[in-house]
Amino acid sequence: MDFFKPIVRTLHALDGEDAHIATLHLLKLGNVTGIGPSSDYNPPELSVTIPYEGGALEVGNCVGLAAGFDKNADVPLAMIRAGFGFVECGTVTPLPQAGNPRPRLFRLKEDEAVINRMGFNNKGLEVFSGHLSRYAGRPNHAVIGANIGANKDATDRMADYVTGLKTLWGLSSYFTVNISSPNTPGLRALQGRGHLDELLARIAETRHDLKSVTGTNYPIFLKIAPDLDEAEIVDTVESAIDHKLDGLIISNTTLERLDTLKSAHAGESGGLSGEPLFALSTQALRIAYGASAGKLMLIGAGGINSGERAYAKIRAGASLVQLYSALVYEGPGLIDRIKRDLVKWLRADGFTHISQAVGQG
Ligand SMILES: Cc1cc2nc3c(=O)[nH]c(=O)nc-3n(C[C@H](O)[C@H](O)[C@H](O)COP(=O)(O)O)c2cc1C
């Protein structure tokens, strides 16, 4: 019996965004009362080490919470307690911004999918860094990353990523440079080779300076769209390697709409995530794995709703996975189910550790 399933059903009586706001309130309340989803199931088979220049980040288990759920870093520890091995907060932009008008978040129930056009609604770096600083003395394995973005009205969008790094250096376990949200007009243009090289050069320079001054370093990932073609993915991989990034997150939401979608909301504009994103994002992951020749750590996201699908991402080349949309339908009980099933799949294939299955096809 999954204790949280009835709560999930009740939340579905609300509009998508109201349900999300209510969930965050419940989780914050849980921080005080101690009531909330809780699991300390971290099977050793699923631990991951993320190497980076000057160190290594230890992740208790390879199943993470994708960006967008906790945009303002309100509840990362509650989500670690719920069983995730790592939690990615954000996307945060330097200045607070309201995002697009509501409604902007739609459940496509029949398709186990979500469409969102939130548009980077968030409270900005000042609030975000204040929240992260609370977790400075966090327990081991509480890996909390920051997904950084650019303000819609920024005159120099690349400078916004530099500001994000500088402000959150020392507060975040890792960084994700998000250039793949479809809901900030023009943002995805940063994925083009010329712009990307320039952006990643600025990131690398900032990282070098911060490392020299503080003596610390952190993994930096780039998050890409599943809508890039094969040549564009290969270009992105090369650029990421050239500029010494540590990995790629593949992928963000898609602008594609499959003919098979059944929900009345299928025509809403925005990024599609959840079940129908699985095949497209896994194909992009596979291409990136082939091109990266072991030089980048890959994090697979898109349509993970079971241990079997998490395992498929691992076999396609991911060392870690992230999910968001399936939580909307399954609730937090899903996190432990995925971990248990992953261990079963590993054992069935004769592996003793997840790293052995990475990229096995
Ligand atoms: C409501 C919603 C908001 C999101 N916001 C962000 C965001 O701010 N930054 C980001 O990098 N990804 C964002 N994403 C994308 C997710 O992090 C993830 O990459 C994508 O949804 C695919 O995973 P899933 O199919 O498990 O949801 C958002 C997704 C959803 C559903």
Side-chain angles (χ1 to χ4, degrees), residues 15-21 23-24 63-73 79 84 86-93 97 99-100 102-108 111-123 128 145-152 161 164 174-184 187-188 190-191 221-227 248-256 265 268 270-282 284-285 298-306 309-310 312-313 318 320-330 334-335 338:
D15 148 87
E17 189 163 349
D18 286 334
H20 184 64
I21 293 167
T23 303
L24 291 178
V63 182
L65 176 61
F69 179 90
D70 190 4
K71 286 185 184 268
N72 299 304
M79 299 313 282
F84 283 113
F86 62 111
V87 169
E88 187 163 312
C89 299
T91 297
V92 60
T93 55
Q97 63 181 29
N100 291 320
R102 288 181 64 170
R104 53 192 179 176
L105 175 56
F106 304 89
R107 281 187 297 261
L108 282 66
D111 305 298
E112 283 179 67
V114 172
I115 290 178
N116 91 82
R117 51 170 179 268
M118 306 299 284
F120 286 168
N121 58 307
N122 77 102
K123 294 181 180 163
F128 191 96
N147 177 306
I148 53 177
N151 278 114
K152 186 178 170 203
Y161 293 92
Y174 71 88
F175 292 90
T176 298
V177 175
N178 177 20
I179 49 170
S180 48
S181 166
N183 301 313
T184 295
L187 192 84
R188 282 185 171 196
L190 291 173
Q191 293 181 128
F221 306 123
L222 180 74
K223 184 164 176 178
I224 66 171
D227 305 322
L248 298 178
I249 301 186
I250 306 169
S251 73
N252 214 312
T253 57
T254 179
L255 289 169
E256 296 273 317
H265 293 306
E268 292 291 346
L272 174 75
S273 56
E275 206 282 328
L277 176 59
F278 178 76
L280 188 65
S281 57
T282 308
L285 171 67
L298 303 181
I299 300 177
I304 295 175
N305 56 11
S306 66
R309 286 201 153 179
K313 294 276 189 197
L320 304 116
V321 296
Q322 289 180 326
L323 61 103
Y324 178 172
S325 300
L327 271 188
V328 171
Y329 295 102
E330 299 286 326
L334 175 67
I335 309 163
I338 288 180

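Just the heavy atoms: all of them, side chains too, but no hydrogens, waters or symmetry mates, feed the values below. Just follow the structure's listing: the first ligand is 1, and inside any ligand the first atom is 1.
Between His20 and Phe69, the two ring planes are perpendicular [angle over 60°; tilted spans 30° to 60°]. Under the 30°/60° scheme for interplanar angles, the aromatic rings of His265 and Phe106 are found to be tilted.
Under a 3.5 Å cut-off, the side chain of Gln97 and the backbone N or O of Gly119 do form a donor-acceptor pair.
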Measure from every N or O atom of ligand 1 to the protein's N or O atoms and keep only the pairs below 3.5 Å, writing each with atom names and distance to 0.1 Å.
unit_1   : atom_1 : unit_2 : atom_2 : d
ligand 1 : 5 (N)  : Lys71  : NZ     : 3.4
ligand 1 : 8 (O)  : Lys71  : NZ     : 2.9
ligand 1 : 8 (O)  : Thr91  : N      : 3.2
ligand 1 : 8 (O)  : Thr91  : OG1    : 3.3
ligand 1 : 9 (N)  : Thr91  : OG1    : 2.7
ligand 1 : 9 (N)  : Asn178 : ND2    : 3.4
ligand 1 : 11 (O) : Asn147 : ND2    : 3.0
ligand 1 : 11 (O) : Asn178 : ND2    : 3.1
ligand 1 : 11 (O) : Lys223 : NZ     : 3.0
ligand 1 : 12 (N) : Lys223 : NZ     : 3.0
ligand 1 : 14 (N) : Ala67  : O      : 3.4
ligand 1 : 17 (O) : Ala67  : N      : 3.4
ligand 1 : 17 (O) : Ala67  : O      : 2.7
ligand 1 : 17 (O) : Lys223 : NZ     : 2.8
ligand 1 : 19 (O) : Lys223 : NZ     : 3.0
ligand 1 : 19 (O) : Ser251 : O      : 2.9
ligand 1 : 25 (O) : Gly274 : N      : 2.8
ligand 1 : 25 (O) : Gly303 : N      : 2.8
ligand 1 : 26 (O) : Tyr324 : N      : 3.0
ligand 1 : 27 (O) : Ser325 : N      : 2.9
ligand 1 : 27 (O) : Ser325 : OG     : 2.6

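Of the candidates Thr93, Asn151, Thr91, Thr93 is the only one forming a side chain to side chain donor-acceptor pair (under 3.5 Å) with Asn122.
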### Message
Apply side chain to side chain contact (heavy atoms under 4.5 Å, CB included) to residues Leu280 and Asp227 and explain how you reach the verdict.
### Response
CA-CA 8 Å; Leu280 188 65; Asp227 305 322; 3.7 Å; yes
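Partners of Phe221 under the ring pair (Phe, Tyr, Trp, His ring centres under 6.0 Å) rule, at least two apart in sequence or in another chain, are Tyr174.
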